[in-house]
Amino acid sequence: MAPMSKYEFNSIEKKWQQYWAEHNTFAAQNESDKPKYYVLDMFPYPSGAGLHVGHPLGYIASDIYARYKRHKGFNVLHPMGYDSFGLPAEQYAIQTGQHPRKTTKENIARYRQQLDTIGFSFDWNREVRTSSPKYYRWTQWIFMQLFESWYDYNADKARSIPELISIFSSEGNTSVNAACDAEVSDFSSEEWNDFSEEKQQKILLQYRLTYLAETEVNWCPALGTVLANDEIVNGVSERGGHPVVRKKMKQWSMRITAYAQRLLDGLDKIDWPQPLKDSQTNWIGRSEGASITFDVKDHDATIEVFTTRPDTIFGVSFMTLAPEHPLVSKITTEAQKEKIEAYVEATAKRSERERMADVKTISGEFTGAYAEHPFTKEPIPIWIGDYVLASYGTGAVMAVPAGDQRDHDFARHFDIPIPDIFEGVDISEEAYAEKDSTPLMNSDFLDGLSYNEAVNKAIEALEQQGAGKGKINYRLRDAVFSRQRYWGEPFPVFYKNGLPQLIDAKHLPLTLPEVSAYLPTEDGQPPLGRADKWAWDSEKNEVVENNKIDDETVFPLELNTMPGWAGSSCYLFRYMDPNNEEQLAGEEALQYWQNVDLYLGGSEHATGHLLYSRFWTKFLHDRGVLQVDEPFKKLINQGMILGDSAFLHRINAGYYQLEDEVSIQDLNDFFENFDAVFDSTLLGRIVSWNLLEGKKVEDAIAGEKYKLTDVFELKKVVDFFEGTGFDARRVYFTTSKIHVPVQYVDAKNSLIMKDFISWYQDELINDIRFENGNSSYDVSREVEKMSKSKYNVVNPDDICEQYGADTLRMYEMFLGPIEQAKPWNTAGITGVHSFLKKLWKLYHGGENGSFQVSDDAADKESLKTLHKTIKKVEEDIENFSFNTSVSTFMIAVNELSAQNCNQREILEPLAILISPYAPHIAEELWEKLGHNGSISKVAFPKFEENHLVESSKEYPISFNGKMRFTMELPLDMSKDDIEAAVMTHEKTEQYLEGRTPKRVIVVPGKIVNIVG
RNA sequence: GCUGAAGUGGUGGAAUUGGUAGACACGUUGGACUUAAAAUCCAAUGGCCAGAAAUGGCCGUGCGGGUUCAAGUCCCGCCUUCAGUACCA
């Protein structure tokens, strides 16, 4: 008797994962006759929480595509690595004193094991880790290239600093059209050559593509570091949600603004989702207009403004400067001084968030000074107001109350005249916004002209007067590149006389020093200030102890480290040649792999990583390192997988009110009476989480102020659940919601929850003296982001254990379109799992389910099913419509089962078709079919049209557009014959009810519609 | 406010150029097998109405219009949800 053969997915999957590892099945070659294809996933940050089912979604999709491309005869590069520098590891280090290197290594090991379980076809020989010195020496090297470059607008590319020096020494800087600091002054070649070395270096720093400058930065006091614009969400830090303030600091910046136009233009050449392109376009924020210079009366000063409406120049009735504008203190008159200073101070105190929150309030002060209108020479009062942003344009605006709503509101509020400049428009209530056709009036030489003509004429006139010129302005800011943190790439920079110097590239990597603690020093230096061995000996070219600094040969090293996006900006190129000791990647490797053909990742990186990466790629292209000038040809955003959360809602609850803002002392007093404090925002989560982890509440909230709106006693809740089998640690509380893991809200636990609710009402509410004790409760579900702190995480390991990786892979694809956000619902997984069992059965039709395939010729029906499936699956993969190909497989297996198909002619190609999706079962079946070697190397089945050719079609017959019945008719039947056949059908008569049809529409092969 | 995406059964979602709306799956209901359960298999399943049944009718893709022989799909005007962005001169 043949042995019983069940679908033992666990042992099958282990067997093939081992086989792939041993045989190096997915190693990509840098030379091949085959065409190349590069499939890349955004590499993960290896967090301590491990992967949840949302993370692999994109990896599965890209893996299917990579495997498909291999079947299609491509040499596929499909690598994986880790973005392993970052904040969480460092914060964990601060708490526990463990070296971030250690926790990072552990987390990576856990990630690797989880990834292996899912059966990805990654080429692990090429793994990169951004925190490894082997890797970050190239991050440092790119930084050095940026330092050694400047941007030439005339050539529209980056060039080397030595070239710039030679221009300076032969022509000075007047002919140079470069991206540089605004305050660079003109000099001749003679002057340049006479400058001291120090002065020359200072000037060069104003031109370098990465430069050190005093800039206003987003400072996050809680994190003790600066943040980039894209690391701030709604005015608070993306990580941790801490407040952010503006602060002036000396920082490294990247001159990404030099590339603004090319970053914009490049979007046309790449195949990215339109929403993503749009957000980059908005982020870069190009606007066309003019820059106009106004003389300040009685001062040797000018105010430069940027405007998109130079045509409204005769409507200017005042000017507004940002309170931070450098001219404010110079031009303010004695009489206005007090008021202005008070206003400037008040503005400085307000955080960016507060300023944002209260856009409606109009405020400002008159400086007492006047500017001169470039044409009428009339005096224009100069105001300051916080609606003008120092960080955009020139930090000053010419105010045209007739044409701009904010200027209009400001003018009305402060009773400033509103010159009427649009013909036939009443601007007494609101500013007039329509710009295209309305002619101007009271505008001297612009009278009667409409927008387009007037703009050009105004710019022309301004240029003649030397008072302005046409200008394109960008919203994009230079990117701050310094972080006051430990766990990041050190800068290969030391300071000589306060000026930055690069260490020689051949001494890279400059490795991260050991420090005694991962916190800033007492005098506010970044953590690297704690390192004892952190000075550069420029003669020996090595790192030496700080106490050897002599300012002659031994110098202090930079204490900042690079931001998170440094390591991720060019990692795609390192995968091409990850072990190269001489270069970022060898020329042949770069030549062969070019750039990424398909990139998968989340849309949250739209304006961060994806912009910086494009910037660095264009830069390295300019400097001849790369041939390509875009990193990612095609990009797909995978949607987030959301978690299903269950809540207990308290209805009609009263509040136990504390003061709005409380200090740590208040809280400590409070804790004497209560074990825990919760509110509806951050605090509830931080506190409950830390408390459950056994940490003190004070530690969790040290240094912060929170609004408290609700209070109750956690310990009693925990006590209640003790002995019920219900894990109370998994219940999570906020003001109005009690968050319960989904698996507990079922019939078995509803009784416990019911008890809990009534107990909670009786005990706790009375205890805590809610103002209104008559509360009731309700259980509901909500879909929200999957996160450890929300108790709605589903772990892929559990799914693999219970159903297998193939089921997980197919189910994640089956959930819906890859780009769409969708909730995870484990309930539906059984459908996919039983599909795989049915597939297995198809090959095991022998006695007791033993393996059995026949070598007989397949019948027509089975061939039709097979080729229909080949066609559809191929189209689906090409269109990234993975969800529909899963149903196609289901249909195929259902049909083949019904046909009792067991022919090799069908079952072999079927196994190949399915192998990108369910590689383990496919390998096993392939082996059972008698093949040696991995199925992943086999050619994709060829679609043959002739198996699908039909001789007849079941025509839907419609009357006035409504489908009434169908008729089987030959496909080669002529239009007239079809009409005749339909008209003689007995049912036709019935539906016509004796009327004569007005018209009969026959679309051969599609439909018949009778209009009556 | 601006920009973008999306609204289809109880649920996730199909419908590639306008041509049989609801594929495939979950769930639910009924049945088979079983002492029972699990597993497996079979059947039904958008709503309403008529009929014992076969079957037939009406309504139906966020709302209101329009184009067309024919609209989930195209056009115009709204509503809602989600995401990004925000005093950008």
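Every chain is numbered from 1 and lettered A, B, ... according to where its sequence line falls, protein lines coming before strand lines.
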Among all residues two or more places apart in sequence or in another chain, which pass the side-chain hydrogen bond (donor to acceptor under 3.5 Å, both in side chains) test with Asp478(A)? Tyr211(A), Thr257(A)
Short N/O separations, protein against nucleotides 25-32 of chain B, under 3.5 angstrom:
residue	atom	partner	partner atom	Å
rA25(B)	OP1	Asn894(A)	ND2	3.1

Consecutive-pair stems (at least three Watson-Crick or G-U pairs, under 3.5 Å) that include RNA chain B: B:1-7 with B:79-85, B:10-12 with B:24-26, B:27-32 with B:40-45, B:46-50 with B:55-59, B:62-66 with B:74-78
Distances for protein N or O near nucleotides 6-10 of chain B N or O, under 3.5 Å:
none

For Lys864(A), check side-chain hydrogen bond (donor to acceptor under 3.5 Å, both in side chains) against everything at least two apart and list the hits. Glu950(A)
Between rA23(B) and rG12(B) - C1' atom distance, rounded Å: 13 Å
Can you run down the salt bridge (charged side-chain N to carboxylate O under 4.0 Å, His left out) pairs that involve residues 885-899 of chain A, sequence neighbours left out, and say none if there aren't any? Lys868(A)-Glu895(A)
According to the salt bridge (charged side-chain N to carboxylate O under 4.0 Å, His left out) rule, which pairs have a member within residues 872-886 of chain A, sequence neighbours left out? Lys72(A)-Glu874(A), Lys871(A)-Glu875(A), Lys872(A)-Asp876(A)
Give a yes/no on whether any side-chain N or O of Lys822(A) is located under 4.0 angstrom from OP1 or OP2 of rG13(B). no
Name each donor-acceptor pair under 3.5 Å that joins a side chain in residues 957-967 of chain A to protein atoms two or more places apart or in another chain, with its distance.
residue	atom	partner	partner atom	Å
Asn960(A)	OD1	Gly1012(A)	N	3.1
Thr966(A)	OG1	Glu954(A)	OE2	2.8

By side chain to side chain contact (heavy atoms under 4.5 Å, CB included), Pro817(A) pairs with (sequence neighbours left out) Gln820(A), Asn883(A)
Name all residues meeting the side-chain hydrogen bond (donor to acceptor under 3.5 Å, both in side chains) criterion together with Asn894(A); count only those two or more places apart in sequence or in a different chain, and write none if there are none. Lys838(A)
Taking protein heavy atoms under 4.0 Å as touching, what does nucleotides 56-65 of chain B look like 5' to 3' if B marks base contact, S marks sugar-phosphate-only contact and - marks none? SSSS------
Span that lies between the P atom of rA37(B) and that of rC24(B), in whole angstrom: 29 Å
Going by number, which of residues 865-881 of chain A have a non-hydrogen atom under 4.0 Å from RNA chain B? Lys872(A), Glu875(A)
